[in-house]
Amino acid sequence: MTAKRLDGKQIAAEMRLEIKTDVERLSAEGVRPGLGVLLVGDDPASRSYVTAKEKACAEAGILSREIKLPASATKAEILAEVRALNEAGDIHGILVQLPLPDSSIEEEVLNTILPEKDVDGFHPVNVGRMMLGLPAYLPCTPHGILHILKRSGCSVSGKHVVVVGRSNIVGRPMANLLSQKNDLGNATVTVCHTGTPDIGRFTRQADVVIAAAGRPKVITADMIKEGAVVVDVGVNREEDSSKASGFRLVGDCDYDAMLEKAGAITPVPGGVGPMTITMLLFNTVACARRLNNLPAS
Ligand code: GUN
């Protein structure tokens, strides 16, 4: 069997066209969606993620405003910038790029973002609403994965999904969303993590594996069953002297070895990554609509 390539880039392009049309409609009504992006410090990976997000905003017609602070910025300085974005009338969504240089203040910083402008879906109000199955701004990576699966015709309803990873950004919300009783969920979900002995014992039983472990190629071909659907969330840098950058991106799965065994698989890059940014655009437009008392599109 040769795995079907789940082309996140293509699905993202389709969704971004739909979003762009909606942005044009909204802008014509006098509401141009705006995203405020706060970047603290100069971590190269964070810099490149933020640049990609701003480029995607520009292509969709969304205003983006970057606030850049040095790594030495104090908590008070960071919170003041978040509060200013909360107040800004032309900014509907706020994104604080993580990790912050001082991770001990992340919780307070995220909690300061107005839930109504929380495009990342990280605020406890949105996390709680999501858990309860109420309307909420959903975290972009798990939300994007639901759309990759749906638009590729891979329904998870009644299937056994194994999520590897329990981060607040991906694993936990992913497991929750997949188990919800709606047309994107209704799966039986197992969560594996660093405390799970023999993760392969679980992933081998899975119809769908979501790999969000954050370690390069830890999910190997012998750990999946024949025909399984594999979604690779990993973005790891591997040294590669043939590249100008000196590195290449690899996922959490051994992609090449899985191609002959999986039923379908997302590539890295070009799988989950473009969908994460797409759902950020989606949430920014949704926030702009809601803040202006306009119906959801
Ligand atoms: N760092 C890694 N992923 C994310 C994300 O989805 N949102 C933010 N704000 N920071 C991140």
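Atoms within a ligand are numbered from 1 in the order they appear, just like the ligands themselves. What you see is a predicted model; the values in this text were computed from it and never measured.
- Here Phe122 has side-chain heavy atoms under 4.0 Å from ligand 1, and that is the only part of it that gets that close.
- Comparing heavy-atom distances from atom 3 (N) of ligand 1 across Ile277, Val50, Ile169 singles out Ile169 as nearest.
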Pair Thr190, His160 - check side chain to side chain donor-acceptor pair (under 3.5 Å), show working. CA-CA 8 Å; Thr190 301; His160 181 201; 2.7 Å; yes
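- The protein heavy atom nearest to atom 11 (C) of ligand 1 is Gln97 NE2, 3.5 Å.
- Of the N and O atoms on the side chains of Arg32 and Ser27, not one donor lies less than 3.5 Å from an acceptor on the other residue.
- Only the backbone of Val96 comes within contact range of ligand 1, with a heavy atom under 4.0 Å; no side-chain atom does.
- Evaluated by nearest non-hydrogen atom to atom 2 (C) of ligand 1, the leading choice among Leu39, Leu95, Leu98 is Leu98.
- Salt bridge Asp90/Arg65: present, at least one basic N to carboxylate O contact under 4.0 Å.
- Of the N or O atoms in Asp120, one or more lie within a sub-3.5 Å distance of an N or O in ligand 1.
- In this structure, Tyr137 has its ring center no closer than 6.0 Å to that of His143.
- Met130 has its side chain within reach of Pro139: a pair of non-hydrogen atoms, C-beta onward, lies under 4.5 Å apart.
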